[in-house]
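Notes follow once the structure below has been shown.
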Amino acid sequence: MNDADAGAADSASAPDPTFVSERMAPDDESAALPLLERAIPPAIDMVSILGPRDELLRTMERQFPLVEAHVRGNEMTFTGPRGELGIIDGLVDELLTIVETGQPLNRDAVERSISMLRSRTAERPADVLTMNIVSSRGRTIRPKTLNQKRYVDAIDQHTIVFGIGPAGTGKTYLAMAKAVAALQAKQVNRIILTRPAVEAGERLGYLPGTLNEKIDPYLRPLYDALHDMVSPETIPRLMASGTIEVAPLAYMRGRAQPVDSQVLTPEGFRDFGSLRVGDLVVGADGLPTPVIGVYPQGRKEVYRLTTQDGASTLCCGEHLWTVRTPEDQRKGRWRTLETKDLLEHVRQGATRQLELPIVRPVEFVPSEVPIDAYALGLLLGDRRLPTRTTASGARVDHELAEVLDERLVAARVARAGDDGIVGNEAGGRGRPRAADPASPILRALARGGTRPTSPFVPATYLKNSAAVRLSLVQGLLDSDGGQVTPDRRCCGVQYTTTSPRLRDDVTFLVRSLGGVAFSPARLGQGRWPGVTPGLAAGYRQDAYVVDIRLPAGLPPFRQGRKLAAYDRATGGRPMRHIESIEPAGSRETMCIQVAAEDSLYVTDDFLVTHNSLNDAFIVLDEAQNTSSEQMKMFLTRLGFGSKMVVTGDVTQVDLPGGTRSGLLIVRDILGDVEDIHFAELTSQDVVRHRLVSAIVDAYERDDVRTQRRARRAAKDAATEAASGRKRAGRHTGRGVSREDLG
């Protein structure tokens, strides 16, 4: 077929290009060839279109060997087959659009534009090559191929994206650019970059240096890419604050607590290690949330984190905590940091710097109570539980005596003078006294707790609805709450008891309602005695003073005069600050994932802690070197408001023999799951040195040849085996069955 025939064949499938006319070709006057004339606008510098020393024009000539190009001034003339001229006409339009955006052209841009035009894709080359992802120090990162643009678009449109392709296709680089762009746009609060260190697991012990020095070589590609996108002076600050984290994949599941730690559930506290997927724990909002992942972590070094109110728990150095500094409070924000990152920021001088969130009132499973909670609080607060036949001898305020009279059904409250002595007489003088119906119940609950050091709150009340617990606290404070004394700008609420168990119960109640409770002890031994008329009165028991702060909307009192004084001075805001973080040896640990939107759950002493990766952009590089279990662990760490990009090359698996790559099987498992996308990149998307694309193609062709040889060898072996069985059958004089032939 000559050039004219080729042009006629092409014209059947290509639209007529603009400015095309029939002219005689200058080198062959016997054949008429289409001619394309394009005038470049005067505002466009011809050098930007042709390239230095006409490099870009030469690139066009190499890509269109059947087309002859001429340039005179700002006029470009092309002669050749009609189909080729149609592509060139579109190419000139795309190049002009790219130049008008201010982006310089180069050889790669021209070649990739031609490739996209030849493939007749819906996307315009100019849209692909002018798409800005992130800019840093005068450099803009953009996709360079059609598949790269589709990959970047998929990251915008889906929560989890798998970028699969050969080395050099920009999978990780573009993912990191999208992560930085999302952080700059405040779409996420942190970036987590991770890689599986195949030889860096348990085999690094023999290598010299610290752990960071051992794993840094495996993470170096991530560091290098990060430095291309973020100014070097900013990176240390972002990494120190936890905004950017670069860690091996094994660290992704390192947010662990000891298995003997306590975790709060709707039925109360239970051992952390006993949790299973589907169990309910209490979130920061005080409501139940299911456990959706349980990951044993083995033995780890742990720290004891203690707050200023005496609460404490154990966790590993990578465990996450949601905290805020005084500056964060002014800006109305929280941040999530690892335990080890908090060590240097606990205090600034004598001032505690790190505030923890406080759980909202917890909703335990409600149940019926035998005695009104407020009435029980009044009796417990009086410190002399009536457990005999009558309630006589308990002294309370007149107002509170009326409440007892109302709430203790069938019990009557008699008054004597100003003391409001609680009695229980069913009849007048001379009549037999009736047994107090509350007494048997109180005896059953308090187990004879008539001594000052023995009272406690029954479990029925401790683990009940928030309304029951608040009523009990109000009864305790109304009957024996300390004076409401203005302290600077807030009110101090105190409860004093000589019962260590009652002290712990009051602390439990207050913390479960979203408050804080401090309980310093006043030892009886060595204290200066008090004074009674004419005598010095010593202290026979230790006293425990519980300082209480309850959240707004939960008044600690019902009694009129106390509540009025409390409202005048306000009760202050309950706050929990980290007091110290100290090493505490090593423990067997475990990590969980919960379904709570903020990924928070409640651990020892009602401390609110973190467990997952919310509002984060997470990139897993070299994912072909993850096992199936590691891939599942990583994907289930996804938190609310987060994105995940998983990149890898399935032709370069470095896992130990017999271990199947998690990236190879994840498509079969998750291919039909909504909001998960698999992006394929090929050797045509390689953006490194042009030889890299040729190398990838050569290896792919060799793989195909190797597979063909293997199939052919297997077929020949099967044929030879069948022939051998046939010959053996002839030798023995019997026929060959279908089973013999396989």
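Values reported hereafter were calculated over all heavy atoms of this structure, with side chains retained and with hydrogens, waters and symmetry mates removed. These numbers come from a predicted model, not from an experiment. Numbering of residues begins at 1 and proceeds along the displayed sequence.
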Take a 6.0 Å sphere around NZ of K144 and say whether it holds more than 12 heavy atoms from other residues, nucleotides or ligands.
no
Under 4.5 Å between any side-chain heavy atoms of T325 and H345, yes or no?
no
So, for Q624 and G648, which heavy atoms are closest and what is the spacing to 0.1 Å?
OE1-CA, 3.2 Å
Given the rule in the side-chain contact (heavy atoms from CB on, under 4.5 Å) test, do V602 and V362 qualify, once you have shown the distances and angles that lead to the verdict?
CA-CA 10 Å; V602 181; V362 177; 5.7 Å; no
Return each pair, listed once, that meets salt bridge (Lys or Arg N to Asp or Glu O under 4.0 Å) where at least one residue sits in residues 674-683; pairs must be two or more places apart or across chains.
R667-E680
Is the shortest side-chain heavy-atom distance between D621 and L193 below 4.5 Å?
no
Check whether T339 reaches the backbone of C316 with its side chain - one donor and one acceptor, N or O, closer than 3.5 Å.
yes
Side-chain donor or acceptor of K171 paired with backbone N/O of P166 under 3.5 Å:
yes
With heavy-atom distances below 4.5 Å as the criterion, would you say the side chains of V666 and F678 are in contact?
yes
Which heavy atom of F606 sits nearest to which heavy atom of L264, and what is that distance?
CE2-CD2, 3.5 Å
For S312 and D605, which heavy atoms make the closest approach, and how far apart are they?
N-OD2, 3.1 Å
Quick one, I581 and L305 - any side-chain contact, counting heavy atoms below 4.5 Å?
yes
Between A182 and F617, what is the shortest heavy-atom contact and its length?
CB-CD1, 4.0 Å
Option from T603, D271, T313, D604 for which side chain to side chain donor-acceptor pair (under 3.5 Å) with Q262 holds
D271
Is there a side-chain contact (heavy atoms from CB on, under 4.5 Å) between Y173 and M229 once you walk through the steps?
CA-CA 10 Å; Y173 200 81; M229 304 169 192; 3.9 Å; yes
Any idea which heavy atoms bring V188 and L183 closest together, and the distance?
O-CD1, 3.7 Å
Separation between CD (E622) and CD (Q652), nearest 0.5 Å, reads 7.0 Å
Does any non-hydrogen side-chain atom of P583 lie less than 4.5 Å from one of Y303?
yes
Closest non-hydrogen atoms of T169 and T682, given as atom of the first, atom of the second and distance, are CG2-O, 3.3 Å
Any side-chain heavy atom of S661 within less than 4.5 Å of one from V650?
no
Return the CG to CZ distance between N625 and R195, rounded to the nearest 0.5 Å.
8.5 Å
Can you find a heavy atom in the side chain of L356 that is under 4.5 Å from one in the side chain of V608?
no
Between R712 and D716, is there a salt bridge with N-O shorter than 4.0 Å?
no
More than 12 non-hydrogen atoms from neighbouring residues, nucleotides or ligands closer than 6.0 Å to CD on E344, yes or no?
no
To the nearest 0.5 Å, what is the distance between CZ on R711 and OG1 on T706?
10.5 Å
Flag, side chain of T626 to backbone of Q630, donor-acceptor distance under 3.5 Å
no
With side-chain contact (heavy atoms from CB on, under 4.5 Å) as the criterion, how do L342 and W321 come out once you've worked through the C-alpha distance, each side chain's angles and the decisive distance to 0.1 Å?
CA-CA 9 Å; L342 302 176; W321 293 92; 4.0 Å; yes
Find the distance between CD (E318) and CG (D341) and round it off to the nearest 0.5 Å.
9.5 Å
Donor-acceptor side-chain pairing of T647 and T172 below 3.5 angstrom
yes
At what distance, to the nearest 0.5 angstrom, does CZ of R150 lie from CD1 of I155?
15.0 Å
Should E301 and K340 be marked as a side-chain contact (heavy atoms from CB on, under 4.5 Å) after you check the CA-CA gap, both sets of side-chain angles, and the distance that decides it?
CA-CA 11 Å; E301 296 295 322; K340 61 185 180 183; over 6 Å; no
Give a yes-or-no answer on whether the side chains of T609 and H319 include a donor-acceptor pair shorter than 3.5 Å.
yes
Quick check: do V704 and R708 have side-chain heavy atoms less than 4.5 Å from each other?
yes
How many angstroms lie between atom CG of L314 and atom CZ of F272, to the nearest 0.5 angstrom?
11.5 Å
Taking E355 first and then R324, would you say they form a salt bridge - that is, a charged N and a carboxylate O separated by under 4.0 Å?
yes
Does this structure show an ion pair linking D156 with K178, if we count only N-O contacts that are shorter than 4.0 Å?
yes
Between K643 and H158, is there a donor-acceptor pair closer than 3.5 Å when you use the side chain of the first and the backbone of the second?
yes
R299 side-chain N/O to S586 backbone N/O, donor-acceptor pair under 3.5 Å
yes
